[in-house]
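Right, one structure below, let's go through it.
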Amino acid sequence: MVDSRATFYSNFIKEEAKRLGFLSCGIAKAEFLEADAPRLESWLSKNQNGQMSYMENHFDLRLNPTLLVDGAKSVISLLLNYYPNEMQVADTYKIAKYAYGTDYHFVIKDKLKELLFSMQSTIGAVSGRAFVDSAPVLDKAWAAKSGLGWIGKNSNLITQKVGSFYFIAELIVDIELAYDHPTTDHCGSCTACIDACPTDAIVAPYVVDGSKCISYFTIELKESIPESMKGTFNDWAFGCDICQDVCPWNKFSKGHSEPLFNPKPEMLAMSKKDWEEITEETFKVVYKNSALQRTKFKGVKRNIDFLK
């Protein structure tokens, strides 16, 4: 039987999340992710994390939120839309849509802090921790567990209403709340994402070999991109949206309403020539506080040179 206070608190949290601009909010009980343990173990044992060695660390913490937050009872998952209102010019080197504006870590962290403060102001003593790719948390698994969508064949979280162009974040807190239930899988017999991936990174439905993904090569890989990949990137210079762009559910994507995610006009207007001739000074100005800073100028330049 769900405590009436837990229901009241949960409704309050969801209303606050909406006020802060989150697309949706779901809540799951903080417990060991039993079903995800063998999947993660298999993925790592096949070296499908490539050089992302950090994925091998903290195996237990990834699966058990009670090891991350003392007294953890609930995992609050939140989605924040980033689908752009304007796109890059045609025939240019492409960057993933999530990287168009200000780095999402800055934007979401502030919203999560405000949400936790609101909870403490209304509910009382709530202790918790915010996560935005900042610790070993299986964010898609938690979002699916709390009914925000299902994990599709391209391994992204998908919803029927808005597709998959959104960030996922969590608040792990030490109070009991009313919990949501997982939704059903609506990929059906569709294989659009598998068929469209130019590097065959989706090695089986629901399994992505990270070491074959364009996003891995252009962001995570620190050394030279293998020559064997030449001609397979379809002009993607930072990240890749192919498996999302072809997903039928993304026809329901709507432009975001977060001003900080709006790109600079000069970024959208950059031609291939502009990318090839960009200086480090210009890069630092146009991409200040951008996710592109993750690879720095040197990494972006390496990617462009590889694509030329």
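Not measured: the values here are computed from a predicted model.
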Measure up the Tyr98 and Tyr82 rings against each other and bin them: parallel (under 30°), tilted (30 to 60°), perpendicular (over 60°). perpendicular

Hydrophobic clustering (ILVMFWY, side-chain heavy atoms < 4.5 Å, transitive) - are [Y] and [X] grouped together?
X: Ile278; Y: Leu307; result: yes
X: Ile108; Y: Phe165; result: yes
X: Tyr206; Y: Trp142; result: no
X: Leu292; Y: Phe261; result: yes
X: Tyr166; Y: Phe252; result: no

Do [X] and [Y] have side chains that approach each other closer than 4.5 Å (heavy atoms only, starting at C-beta)?
X: Ile158; Y: Trp150; answer: yes
X: Val126; Y: Asp174; answer: yes
X: Met267; Y: Tyr100; answer: yes
X: Asn234; Y: Ile242; answer: yes
X: Thr282; Y: Glu266; answer: no
X: Ile214; Y: Pro198; answer: yes
X: Val75; Y: Ser146; answer: no
X: Asn81; Y: Leu79; answer: no

I'd like to know whether CG of Asp70 has more than 12 heavy-atom contacts from other residues, nucleotides or ligands below 6.0 angstrom. no

Shortest non-hydrogen separation from [X] to [Y] and the atoms involved:
X: Ile168; Y: Ala143; result: CG2-CB, 4.0 Å
X: Ala99; Y: Ala291; result: CB-CB, 4.0 Å
X: Leu221; Y: Pro226; result: CD2-CD, 4.1 Å
X: Ile13; Y: Cys25; result: CG2-SG, 4.1 Å
X: Leu115; Y: Ala17; result: CD1-N, 4.2 Å
X: Leu157; Y: Ala144; result: CD1-N, 3.8 Å

Ser77 and Asp139: side chain to side chain donor-acceptor pair (under 3.5 Å), yes or no, with the steps? CA-CA 8 Å; Ser77 292; Asp139 51 9; over 6 Å; no

Check whether the ring centres of Phe233 and Phe217 lie less than 6.0 Å apart, and answer yes or no. yes

Nearest-0.5 Å distance that lies between atom [atom1] in [X] and atom [atom2] in [Y]:
X: Asp3; Y: Glu176; atom1: CG; atom2: CD; value: 8.0 Å
X: Phe22; Y: Leu78; atom1: CZ; atom2: CG; value: 4.5 Å
X: Ile202; Y: Thr191; atom1: CD1; atom2: OG1; value: 10.0 Å
X: Thr232; Y: Lys212; atom1: OG1; atom2: NZ; value: 12.0 Å
X: Lys254; Y: Lys161; atom1: NZ; atom2: NZ; value: 10.0 Å
X: Lys153; Y: Cys197; atom1: NZ; atom2: SG; value: 15.0 Å

Tell me the side chain to side chain donor-acceptor pair (under 3.5 Å) pairs involving residues 22-32, sequence neighbours left out? Glu31-Lys145

Inspect the contact between Glu220 and Arg294 and indicate whether a charged nitrogen and a carboxylate oxygen are less than 4.0 angstrom apart. yes

Using the test salt bridge (Lys or Arg N to Asp or Glu O under 4.0 Å), find all partners of [X] that sit at least two apart in sequence or belong to another chain.
X: Lys308; value: Asp305
X: Glu114; value: Arg19
X: Lys97; value: Asp241, Asp245
X: Asp180; value: Lys14

Quick one: ring pair (Phe, Tyr, Trp, His ring centres under 6.0 Å) partners of Tyr287, sequence neighbours excluded? Trp275, Phe283

Solution key, residues 83-91 side-chain donor-acceptor pairs under 3.5 Å, sequence neighbours excluded:
| residue | atom | partner | partner atom | Å |
| --- | --- | --- | --- | --- |
| Asn85 | ND2 | His256 | O | 3.1 |
| Gln88 | OE1 | Ile95 | N | 3.0 |
| Gln88 | NE2 | Tyr93 | O | 3.0 |

List the residues meeting side chain to side chain donor-acceptor pair (under 3.5 Å) with [X], not counting sequence neighbours, and say none if there are none.
X: Lys272; answer: Asp235
X: Thr183; answer: none
X: Glu277; answer: Lys273
X: Thr122; answer: none

If we count only N and O atoms by modelled type, under 3.5 Å, do the side chains of Tyr179 and Ser74 hold a donor and an acceptor together? yes

Is a side-chain donor or acceptor of [X] paired with a backbone partner of [Y] at a separation under 3.5 angstrom?
X: Thr102; Y: Leu260; result: yes
X: Ser253; Y: Gly163; result: no
X: Lys94; Y: Cys240; result: no
X: Asp274; Y: Ser271; result: yes

What's the verdict on side chain to side chain contact (heavy atoms under 4.5 Å, CB included) for Val207 and Asp209, showing C-alpha distance, side-chain angles and the deciding distance? CA-CA 7 Å; Val207 182; Asp209 184 338; over 6 Å; no

For residues 114-135, which residue pairs pass the ring pair (Phe, Tyr, Trp, His ring centres under 6.0 Å) check, not counting sequence neighbours? none

Pair Thr218, Thr295 - check side chain to side chain contact (heavy atoms under 4.5 Å, CB included), show working. CA-CA 8 Å; Thr218 56; Thr295 61; over 6 Å; no

Applying side chain to side chain contact (heavy atoms under 4.5 Å, CB included), run through Asn289 and Asp103 and close with a yes or a no. CA-CA 6 Å; Asn289 296 330; Asp103 188 327; 5.6 Å; no

What's the verdict on side chain to side chain contact (heavy atoms under 4.5 Å, CB included) for Trp249 and Thr159, showing C-alpha distance, side-chain angles and the deciding distance? CA-CA 7 Å; Trp249 292 110; Thr159 75; over 6 Å; no

